[in-house]
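Note that the structure is a prediction, hence the values are computed from the model and not measured. The figures here come from the full heavy-atom set of this structure, side chains too, leaving out hydrogens, waters and symmetry mates.
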Amino acid sequence: MEASVLSLRGLTTVFDLPGGPATAVDGVDLDLQAGETVALVGESGSGKTMAALSCLGLTPPPGRVAGGSILFKGRELAGLAEEEYRRIRGRHLSMIFQEPMTALNPVFTVGEQIAEGLRLHLGLSPREAMERAAGLLAEVGIPNPARRAASYPHELSGGMRQRVIIAMALACGPDAVLADEPTTALDVTIQAEILDLLGRLQDERGMAVLLITHDLGVVAQSARRAAVMYAGRVVERGAVDDLFREPLHPYTRGLLTSLPRLDAPGARLTPIAGAVPDIAALPSGCHFHPRCPHAFARCRAEVPPAFGDARRGARCWLLAPGSAA
Amino acid sequence: MSGASLLELREVSRRYVGREGPLGLRRTAVQAVQGISLGLGAGQTLGLVGESGCGKSTLGRLAVALERPDGGEVRYRGAPLWPDLPSAFRREVQMVFQDPYSSLNPRLSIGRIVREGLDVHGIGDAASRRERVAEVLGLVGLPPGHAARYPHEFSGGQRQRVAIARCLALEPKLIVCDEPVSALDVSIQAQIVNLLRDLQERMGLAYLFISHDLSVVGAICDAVAVMYLGRLMELAPRGQLFKEPLHPYTQTLLSAVPVPDPARARQRIRLAGEPPSPYAPPAGCPFHPRCPRAFAPCPGEFPAWREAAPGRFVSCHLY
């Protein structure tokens, strides 16, 4: 097996709330190898975004990385000083944010915003940086890049802004990109173009992409491997083909049966009962047990370990050796 | 979608005028909806799909008389909505909005929110209203005891149930749902879609279901209308629209939806250029600059709305 670019072991992020600590990310293990796309799937509040922010040392207060390891190209990032982080963030490890409206600064031109990272990290002169910025805009498919570099964010459409954000994330040639719902705010036809673009740039540059999304359609079309998160924990991991064909965890199965499908319009959906729990008041044992159709005594009492191995497995007591299922 | 129409739109248009530029001196106009004709029968569900800015929400607002058309007319049970609303319209036609966090008054209890329509329309006395509130909360799957609680105590999915209960209290015939599940997680989305279907079966409701999500529309609608830049491009029964879309825009839209099946590599139709601004829509068919099948007549005039096959309508020079 190839060495991972990014490797999380037991990553735990805690929010110190007035009512007591709340665990947003609970012992997450994840490996991301050069040139591959791994999807991190989950619904709102599953901790997928917080896991990514933790990797970048951007956990918003009162949140903090409380345990585990974040190995990036063999270097431990957990507990790194902010000053050190700044040399890595945006240079070697970068992030694509969801909301193209708020991720850009409205008072600077998009060229200046792309150039900023190039000047800081690569020491380019303002002029070189602006030239490089225009080149990056061309690379992400923006017509008239030299002119567009002088545009302000409000002059661009949502799809164009998302391309600018991708150009910013890629500017310094990072080894890994964490893409947080990069297409969620976009119309489907634009979404398709942005996913194509990400795939093409990844092939050309050989970078690793962690694709954070709630959309199983996007996962199926864009990633080879995926990890499914629920209430802070990775509950299932595997090759995307296996995950869709033979989901191991009842939560993954529930997500798939909840999805309306274009190829079977009108079919009755089978939702998951109940609602996603509040991280400040998580159920005992397996956090999914109150919504799980197969829950039994052990699920309420004990946290299931990750059965299987690092590539395929799930945290579910049904998979325990000797389990009735 | 003929027969006894509950709601009928005839050549409906709506334009918005705003000001732009330095000191707001430049007047700009958006033709949000242009020349749209549609009908919806009792107990049916019509899906209205399109990308952002296509005018689908404006059309929904025209249907519930929150907006007045500046061309054409909207009729309910045969009677025009303007200048005076047909009696019972405000009771029989209800709306569910997209964002369950802003569509419920945070200062009112769930019971008050659901009861408000009964108060406004003067239906029943205090006791029967209380009974009705408990009844409709039950219909949407909320315990009647929740009536005393406030919106902040509920999750997004539960709030959307409250919004639906508020509609049901008035025994509506038609509910206009504007992106009712878009703000919800998939597992909750499916609960609400199933609830809407069950309620329809039980109470014979008609829905005008507005959504950008074609898969969700497919799960609930009998027929689907596709809009692009204020125009209606295609209307067809659900099965036919998904299996064999006629309009190149519908084909493009369907091919762009990511299918949750890794075994199915999709042949996507690639579009040229950016979506045009609604402030300056292209002449002729507004889709022609990006259409893979555009030919001579397309930039010239907007294609007539015609029945290309039984029950299938399209605005495209190809047909």
Side-chain angles (χ1 to χ4, degrees), chain A residues 42-46 142-143 156-160 183 185-193 195-196 214-224 226 239-245 251 254-278 291, chain B residues 47 49-54 154-158 181 183-195 197 212-222 224 238-239 241-243 249 252-266 268-271 273-277 290:
Chain A
E43 298 183 286
S44 50
S46 62
I142 292 187
L156 304 178
S157 67
M160 284 292 166
T183 59
L186 306 173
D187 281 320
V188 273
T189 57
I190 312 295
Q191 163 171 288
E193 288 170 23
L195 290 174
D196 272 357
H214 72 283
D215 188 329
L216 288 163
V218 169
V219 174
Q221 303 299 312
S222 309
R224 284 283 163 78
V240 167
D241 286 336
D242 298 335
L243 217 61
F244 280 75
R245 198 179 314 130
Y251 175 62
L255 279 182
L256 287 167
T257 60
S258 294
L259 275 186
R261 303 188 49 141
L262 275 182
D263 45 5
R268 178 91 186 169
L269 309 176
T270 309
I272 303 172
V276 176
D278 183 347
R291 305 178 73 190
Chain B
V49 301
E51 299 184 282
S52 43
C54 72
F154 294 88
S155 65
Q158 287 174 314
V181 299
L184 307 177
D185 279 317
V186 258
S187 67
I188 310 300
Q189 224 176 49
Q191 293 174 6
I192 300 296
V193 166
N194 283 354
L195 172 67
R197 286 175 60 165
H212 71 284
D213 187 330
L214 287 142
S215 317
V216 169
V217 164
I220 195 168
C221 298
D222 305 308
V224 183
R238 169 183 68 200
L241 188 100
F242 286 157
K243 203 178 295 162
Y249 177 63
T252 306
L253 206 53
L254 282 167
S255 80
V257 178
V259 170
D261 183 353
R264 273 184 53 178
R266 313 215 59 212
R268 199 154 64 225
I269 303 168
R270 268 151 234 278
L271 287 183
E274 276 281 290
S277 158
R290 310 176 74 202

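If you measure heavy-atom distances from A:Val219 to chain B, you find no contacts under 4.5 Å at all. Residue A:Ala267 touches chain B through its backbone alone, counting heavy-atom pairs closer than 4.5 Å. With a 4.5 Å cut-off on non-hydrogen atoms, B:Val193 touches chain A through its side chain but not through its backbone. With a threshold of 4.5 angstrom between heavy atoms, B:Ser155 approaches chain A through side-chain atoms but not through N, CA, C or O. Interface remark: B:Leu214 contributes backbone and side-chain atoms alike to the contact with chain A (heavy atom separation under 4.5 Å). Residue contact with chain B, scored on non-hydrogen atoms closer than 4.5 Å, is absent for A:Ala223.
B:Phe242 and A:Pro265 get closest at one heavy-atom pair: CD1-CB, 3.5 Å. Residues B:Gly157 and B:Ile188 share a closest heavy-atom pair of CA-CG2, 3.4 Å.
Residues B:Pro276 and B:Arg290 meet the side-chain proximity criterion, which asks for heavy atoms closer than 4.5 Å. With contacts defined as side-chain heavy-atom distances shorter than 4.5 Å, the pair A:Leu186/A:Glu193 does not qualify. Using a 4.5 Å heavy-atom threshold, the side chains of A:Ser46 and A:Val276 count as separate. The side-chain heavy atoms of A:Gln221 and A:Leu195, taken from C-beta on, include no pair separated by under 4.5 Å.
Ranked by heavy-atom pairs shorter than 4.5 Å toward chain A, the options B:Val186, B:Asp213, B:Val217 are led by B:Val186. When each of B:Ser215, B:Ser277, B:Gly239 is scored by its heavy-atom pairs under 4.5 Å with chain A, the top score falls to B:Ser215. Of the listed residues (B:Ser187, B:Ala219, B:Gly218), the one with the most heavy-atom contacts under 4.5 Å to chain A is B:Ser187. Counting heavy-atom pairs closer than 4.5 Å to chain B, the top residue among A:Met160, A:Arg268, A:Arg245, A:Arg291 is A:Arg268.
Taking CD of B:Glu51 as the reference point, atom OG1 of A:Thr189 lies at 3.5 Å (rounded to 0.5 Å).
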